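Following: one structure in structure tokens, then a few remarks.
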Protein chains: 2
Amino acid sequence: MTSAKPRGATITDVATAAGVSRAAVSKVLRDAYGVSDAMRERVNAAMEELNYRPRIAARAMRGRTFTIGIELPDLANQFFTRMITGALQELEGTRFQVVIAPAERGSRHGLRAIEALVDRQVDGVIAVAPRATPEALERISVHAPLVMFGRHDTSEAYDTVAGDDEAGARMAMEHLLHLGHTRIANLTLPEADHDLSSPHGIRLRTYKAIMEAEGLVAGSRVVHCDEGQDAASEAISRALERDWHSTALFASHDELAIGALRAITEARHPISVIGYDDVPIASHPALGLTTVRQPGAEMGATAIRLLMERLDGRTEAVHEVFEPELVVRSSTSRPGI
Amino acid sequence: MTSAKPRGATITDVATAAGVSRAAVSKVLRDAYGVSDAMRERVNAAMEELNYRPRIAARAMRGRTFTIGIELPDLANQFFTRMITGALQELEGTRFQVVIAPAERGSRHGLRAIEALVDRQVDGVIAVAPRATPEALERISVHAPLVMFGRHDTSEAYDTVAGDDEAGARMAMEHLLHLGHTRIANLTLPEADHDLSSPHGIRLRTYKAIMEAEGLVAGSRVVHCDEGQDAASEAISRALERDWHSTALFASHDELAIGALRAITEARHPISVIGYDDVPIASHPALGLTTVRQPGAEMGATAIRLLMERLDGRTEAVHEVFEPELVVRSSTSRPGI
DNA sequence: ATGAAAGCGCTAACAG
DNA sequence: CTGTTAGCGCTTTCAT
């Protein structure tokens, strides 16, 4: 019912109310050394009384904000949810808070969101931005330590956490080959063509290399689509209507695989699909998506750990690579495929 | 390759480099009135040169941060993704940036995350926190305008955006009744029992009222589970093993429904399931989840609009309610159910 | 059109 | 153990 909007009390108000100095309040705030219990009591009471909240922005001008920013290109991709879960777990019990900045749709590289985070004085950034140039990222890393998720370049300016995408793609392809498939299509994002060292670029390249090595070039087929299940579904739907000869599909990640499955199920086509990541829904019996699992939570936790090391003073770059794992499943909705 | 970590240039550095005053740089920054083109040129060049980034924290001490904070209890729930999509769309073309703060797992009310946002000086907050008390929220709304998502209380201190949960639950139940079901179970969150005016509380209450009105109390059954598909799946799995007599299940939201479907599909039980929200995956043919659709994107956009109105000076509270809609589907994995 | 100067809320020496 | 003081980087009158 406070009629006015006094935009909150300040440290000075608290100090006055408690009859102490601002420094004293500040110390209580940070529970720094050198405050008597009596004073702490009084100050806390005054804070309560005044509904006081410290302005981190003001604190930021001197030191840390205890905030980690995570930039994501696609909130709907549940692999990132796993990553974040791991990051949050690693941060549990610390003073750090996570904020997530979604890249605007259409902005292909996510740089704007990363910059927004940096401008807001986060102490460190974890970002998923396969299309950003190393130069842009190096420019950013001047302002805050940066861990890039899923990149395979090895700049000195930022750390990276990635999966072994070549090994993973190989697993996927070998699985399909063992099943006897010879006409295997690939569903990937447009970026795969341009950013050859991005996860999708590597998976595509590996797909092509294996098809060639197996003498199956004639049976290969690459379908492109934008991010997301809907775009994947539409792309495959269109492809099925035209000249489709493949018996299997390697989708560059699970969201695409699930979108493809949508079109395939609707068209009642007997096509084997394999995805990548192992998002939570992939294991649903109705979907039963065979996929290549990446340890998302561990990767997220590692990203946080790398950031903390940087905050503790490390200056050389670290590049962590995680091994993927094949997960074979079957679906109740498309038995025997 | 900048070896030192000078933590970035400041406005003073830019001013010096461009040979102008700090005020001038500030004006260019905000493209305020009264800067010659020549000066703007020079200043922009200097900024580029120095890799300058304005510190929003410093700006925050005077005015706005142009940041909207969104607190979410469960990143994995795709309904919130739809909400955020709507919010981002509404903000497109403005200077505002969205940051998302995930509530820590286990913290039942999400208050800490909301406070973290407020402490970081966001200009406004959208929050999903059915369990928070009105008092706590009113305390927060002193510091920043607040729009609560999915609450049915009507405090004067904050706005609300919610769906008509009673109407929605009624739709769901009537659908099952029309199908001829008489033994209908309900799967809901623990909070539904305590927070009677939360969405889940209302959906549960409506379920009970209808079962009673139809004289089907003997066939009713309420199963509780924690948030998320896994918890839902386990709860239903356990229930199925014991004394299960229901032929239909009304799950309080789609994530729970999908989790339940997991257990039901695995147990090969012929049970009709209806969810709530209509998350994107619900329409997948392998799942074919019948559900009650809420217009998530519109609700998110509306939340932003309410926030902007508050920032423009509105002081009376507004409470928006959206009408849900029944979406009937069928699944390829469990045909005829 | 441009600049000087005050001050936003907080922290971090340093004195007492 | 407590208080004084000097900024942090930016915006914003108010002069010039």
Side-chain angles (χ1 to χ4, degrees), chain A residues 5-44 46-47 50-67 95 118-123 142-144, chain B residues 5-44 46-47 50-67 95 118-123 142-144:
Chain A
K5 276 266 154 123
R7 202 72 182 164
T10 79
I11 202 173
T12 310
D13 300 332
V14 175
T16 312
V20 300
S21 75
R22 284 154 52 205
V25 178
S26 176
K27 279 178 188 159
V28 172
L29 227 44
R30 299 167 290 136
D31 48 26
Y33 179 80
V35 248
S36 65
D37 286 1
M39 172 171 277
R40 194 193 316 284
E41 287 282 304
R42 295 229 309 282
V43 170
N44 280 327
M47 286 183 182
L50 296 173
N51 184 17
Y52 169 77
R53 304 257 60 198
R55 252 75 137 188
I56 299 230
R59 173 180 297 166
M61 302 195 64
R62 293 311 238 134
R64 296 206 173 154
T65 58
F66 294 99
T67 310
R95 297 181 54 188
V118 169
D119 294 350
R120 280 160 184 76
Q121 300 292 111
V122 297
D123 292 332
V142 171
H143 299 96
Chain B
K5 276 266 155 126
R7 205 69 182 163
T10 79
I11 202 173
T12 310
D13 300 331
V14 175
T16 311
V20 300
S21 75
R22 286 153 51 203
V25 178
S26 175
K27 279 176 189 161
V28 172
L29 227 45
R30 299 167 289 134
D31 48 26
Y33 179 80
V35 248
S36 65
D37 286 3
M39 171 171 279
R40 193 194 317 284
E41 287 284 300
R42 294 227 311 280
V43 171
N44 280 327
M47 286 183 181
L50 295 174
N51 184 18
Y52 170 76
R53 304 257 63 198
R55 252 78 135 185
I56 299 227
R59 173 179 296 167
M61 301 195 63
R62 295 308 240 141
R64 296 205 172 153
T65 58
F66 293 99
T67 311
R95 298 181 54 187
V118 169
D119 294 350
R120 280 159 183 77
Q121 301 292 113
V122 297
D123 293 331
V142 171
H143 299 94

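Since this is a predicted model, take the numbers as computed values, not measurements. Below, each value reflects all heavy atoms present in this structure, side chains not excepted, and no hydrogens, waters or symmetry copies. Order of the sequence lines sets the chain letters (A, B, ...), proteins ahead of strands, with each chain counted from 1.
Between B:Met47 and B:Val14, the shortest heavy-atom distance links the atoms CG-CG1, 3.8 Å. The shortest heavy-atom contact between A:Arg42 and A:Ala18 is NH2-O, 2.9 Å. Taking each heavy atom of A:Leu29 and A:Pro54 in turn, the nearest pair found is CD2-CB, 4.0 Å. Contact between B:Met39 and B:Ala24 at its shortest, heavy atoms only, is SD-CB, 3.5 Å.
At its two ends the helix from C:dA1-D:dT16 to C:dG16-D:dC1 runs along axes set 30° apart, each axis drawn from five pairs and the angle rounded to 10°.
Contact check of residues 22-30 of chain B against DNA chain D (heavy atom, cut-off under 4.0 Å) returns B:Arg22, B:Ala23, B:Ser26, B:Leu29, B:Arg30.
Distance, A:Met61 CE to D:dC10 C1': 6 Å, rounded to whole Å. In this structure, B:Gln121 places its CD atom 9 Å from P of C:dC10, rounding to the nearest Å. Between B:Asp13 atom CG and D:dG9 atom P the separation is 8 Å, expressed in whole Å. Rounded to whole Å, atom C1' of C:dA4 lies 14 Å from atom CD1 of B:Ile11. Straight-line distance from the CD atom of B:Glu41 to the C1' atom of C:dT2: 17 Å, rounded to whole Å. Distance A:His143 NE2 to D:dG9 P: 12 Å, rounded to the nearest Å. Regarding B:Asp119, its CG atom lies at a distance of 10 Å from the P atom of C:dC10, rounded to whole Å. The separation between B:Met47 atom CE and D:dC10 atom C1' is 12 Å, rounded to whole Å.
Closest to the B:Arg62 side chain, of the nucleotides D:dT12, C:dG9, C:dA4, is D:dT12. The side chain of A:Ala58 has C:dC10 as its nearest neighbour among D:dC10, C:dC8, C:dC10. Of the candidates C:dT2, C:dC10, D:dG9, C:dC10 carries the atom nearest the A:Arg59 side chain, counting heavy atoms from C-beta on.
In terms of phosphate contacts, B:Ser36 brings a side-chain nitrogen or oxygen within less than 4.0 Å of OP1 or OP2 of C:dT2. Side-chain N/O atoms of B:Ser21 include one lying less than 4.0 angstrom from OP1 or OP2 on C:dG3. OP1 and OP2 of C:dG9 both lie 4.0 Å or more from every side-chain N or O belonging to A:Thr12.
Using modelled atom types and a 3.5 Å distance limit, the side chains of A:Ser26 and A:Arg22 yield no donor-acceptor pair.
Within the 4.5 Å cutoff, no side-chain heavy atoms of A:Tyr52 are placed close to those of A:Val43. Contact check for A:Thr65 versus A:Arg120: no side-chain heavy atoms found under the 4.5 Å cut-off.
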>> Under the criterion side chain to side chain contact (heavy atoms under 4.5 Å, CB included), I'd like the reasoning laid out for A:Val142 against B:Arg53: C-alpha separation, chi angles, the key distance, then a yes or no.
In response: CA-CA 10 Å; A:Val142 171; B:Arg53 304 257 63 198; over 6 Å; no

>> Could you walk me through whether A:Val25 and A:Val28 satisfy the side chain to side chain contact (heavy atoms under 4.5 Å, CB included) test, starting with their C-alpha distance in whole Å, then the side-chain angles of each, then the deciding distance to 0.1 Å, before giving a yes or no?
In response: CA-CA 5 Å; A:Val25 178; A:Val28 172; 5.6 Å; no

